[in-house]
Amino acid sequence: MSQDDRFNLDAIENNRAKLEQAIVEARKPLDRSSQKLAALTNLPWLIAGLAALLWYCFK
């Protein structure tokens, strides 16, 4: 943006439209695939706990 366009009303409207678009994008729900990936990080602990429980019960 040049110095002359900085205070032009069209430039202000364009910046306002960009800001409103960013607000709309921020309100969209987050991608759930990252939560599923985070849940998989607990899988080894779950397997180890289940194995320990089975070993304790059938000892």
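Computed from a prediction, not measured in an experiment: that's the story for all the values here. Below, each value reflects all heavy atoms present in this structure, side chains not excepted, and no hydrogens, waters or symmetry copies.
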| query | Who passes side-chain contact (heavy atoms from CB on, under 4.5 Å) against Ile23, sequence neighbours left out? | reply | Leu19, Arg27
| field | Glu13: side-chain contact (heavy atoms from CB on, under 4.5 Å) partners, not counting sequence neighbours | value | Arg16
| Contacts of type side-chain contact (heavy atoms from CB on, under 4.5 Å), residue Leu43, not counting sequence neighbours | Leu40, Leu46, Ile47
| What residues, two or more places apart in sequence or in another chain, satisfy side-chain contact (heavy atoms from CB on, under 4.5 Å) together with Leu54? | Leu50, Phe58
| field | Contacts of Lys59 that satisfy salt bridge (charged side-chain N to carboxylate O under 4.0 Å, His left out) - sequence neighbours left out | value | none
| query | Linking Ile, Leu, Val, Met, Phe, Trp and Tyr by side-chain heavy atoms under 4.5 Å, what else ends up with Leu53? | reply | none
